Amino acid sequence: MKNRTFQGFLSLLSCSVILFACQQTGGKKEESKKPGIEKSGFGTLPDGRAVDIYTLRNGQGMEVKITNFGGTIVSWTAPDRNGKYEDVVLGCDSLAGYLRGVPYFGAIIGRYGNRIARGKFSLDGVQYSLATNNIGNHLHGGIVGFDKVLWTATPVAGDEPALKLAYLSKDGEEGYPGNLNVEVVYTLQKDNALKIDYTATTDKKTIVNLTNHSYFNLAGKGDILNHQLVLNAGVFLRVDSTLIPTGEPRPVAGTVFDFTKPTGIGMRINDKTDAQIRFGLGYDHCWVLSDSSKTLKSAAILSEPASGRVMEVLTTEPAIQFYSGNFLDGKVIGKGGAAYQYRSGLCLETEHFPDSPNRPEFPSTVLKPGDTYRTTTVYRFSVRN
Ligand code: BGC
């Protein structure tokens, strides 16, 4: 009898342990469904400064991880048509991976997204010389651009969690004039969209053109050639062999640059009869949005037929650089030890036109003291059956 009671006690105990464990797991699951933001360590810079990584959850299942090193989006999960989540951006598992050198994976780009010819420009008759880091031109802010600096992060909790990142770019940094105070706010919305608000102020006339350099692959693997793309742009900028715009915008109609209707990226990407494809080694050009207003408007729609994932890009900017990952060559090792192959990710960088500081006919990228640079870009995910 006694023994029975003892056994009964034991089985009751084991049931309670199981129940407790189940509640704990259930609890964890519940936690991951709740909207919020969580901070963890991501490593240490060679100078000893600690780097963090923040996980933003929107309560619907989407999760975005952002580090304050370069303001970099490290991972971003999005559901397919069956509700299966996959990481849709290229990146590295650890800070060490980024420090070994990556082609701007997921980072904030500044002070100037894309190229400035020979790294030279003038403001009010004063010539400035910037660091040249791309066959004699200035690319993505120079040798130590905003993608390689440590930003000050402030998490903002809430139903739509946000991460505020601040950076002071000192007068003379990479050759740019003026102390530039930059703030970038990433907000993960309930509608599966990540909103990026960029603001900047200066104490001396300068130039600014900020963007984000995420490489997307909506299938989560393989190359991006089966992705379909729409670009709401009737013209693009011709470039020279060093990818500097040469002048008059060229209409896309009748060319391999026409993405006004959903078109497979791989369909015409190797059409070397077009010199522009030869110069870019594929697509690496700036499309001028047909709607030139500064309101938030649709710039691009990217979709991947097998998974059904769709990503729309909305922006207040006048242009979008579509870069098809032509310089990826399997040498950069990313998440899970993956060697990122040729065209395994693509970038849709909303911005002002490359080399605007040397092109008075392009929309201005000049920022004056007393004015605030302000732009917004939204990447919104959905599915198509
Ligand atoms: C540029 C490419 C460049 C790449 C670097 C893109 O924004 O347009 O020419 O190679 O960034 O990863």
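Note that the structure is predicted; figures quoted are calculated from it, not measured. For reference, positions follow the sequence shown, starting with 1. Basis for what follows: all heavy atoms, side chains included, without hydrogens, waters or symmetry-related copies. As the structure lists them, so they are numbered: ligands from 1, and atoms in each ligand from 1.
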Anything under 3.5 Å between a donor and an acceptor, one on a side chain of residues 366-374, the other on a protein residue two or more places apart or in another chain? List them.
residue : atom : partner : partner atom : Å
Y373    : OH   : L210    : N            : 3.0

Within 45 degrees of the axis of the six-membered ring of Y283 and under 6.0 Å from its centre: does R268 put its NZ or CZ there?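 Checked: cation-pi criterion not met.
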Set out, in order, the CA-CA distance, both residues' side-chain angles and the distance that settles side-chain hydrogen bond (donor to acceptor under 3.5 Å, both in side chains) for N134 and N137, then state yes or no. CA-CA 5 Å; N134 189 260; N137 296 320; 5.1 Å; no
For residues 242-258, pull every pair meeting salt bridge (charged side-chain N to carboxylate O under 4.0 Å, His left out), keeping only residues two or more places apart or in separate chains.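 Listed once each, the pairs are R250-D274.
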Does ligand 1 have any N/O atom under 3.5 Å from a protein N/O, and what are those pairs and their distances?
residue  : atom   : partner : partner atom : Å
ligand 1 : 7 (O)  : H140    : NE2          : 3.0
ligand 1 : 7 (O)  : H213    : NE2          : 3.1
ligand 1 : 7 (O)  : E349    : OE1          : 2.7
ligand 1 : 7 (O)  : E349    : OE2          : 2.9
ligand 1 : 8 (O)  : N114    : ND2          : 3.2
ligand 1 : 8 (O)  : D284    : OD1          : 2.5
ligand 1 : 8 (O)  : Q321    : NE2          : 3.2
ligand 1 : 9 (O)  : R115    : NH1          : 3.1
ligand 1 : 9 (O)  : R115    : NH2          : 2.7
ligand 1 : 9 (O)  : D284    : OD1          : 3.4
ligand 1 : 9 (O)  : D284    : OD2          : 2.4
ligand 1 : 11 (O) : H140    : NE2          : 3.0
ligand 1 : 11 (O) : H213    : NE2          : 2.8
ligand 1 : 12 (O) : P103    : O            : 3.4
ligand 1 : 12 (O) : Y215    : OH           : 2.8

Who are the side chain to side chain contact (heavy atoms under 4.5 Å, CB included) partners of A50, not counting sequence neighbours? none
Between the side chains of E86 and K221, is the shortest nitrogen-to-carboxylate-oxygen separation below 4.0 Å, so that they form an ion pair? no
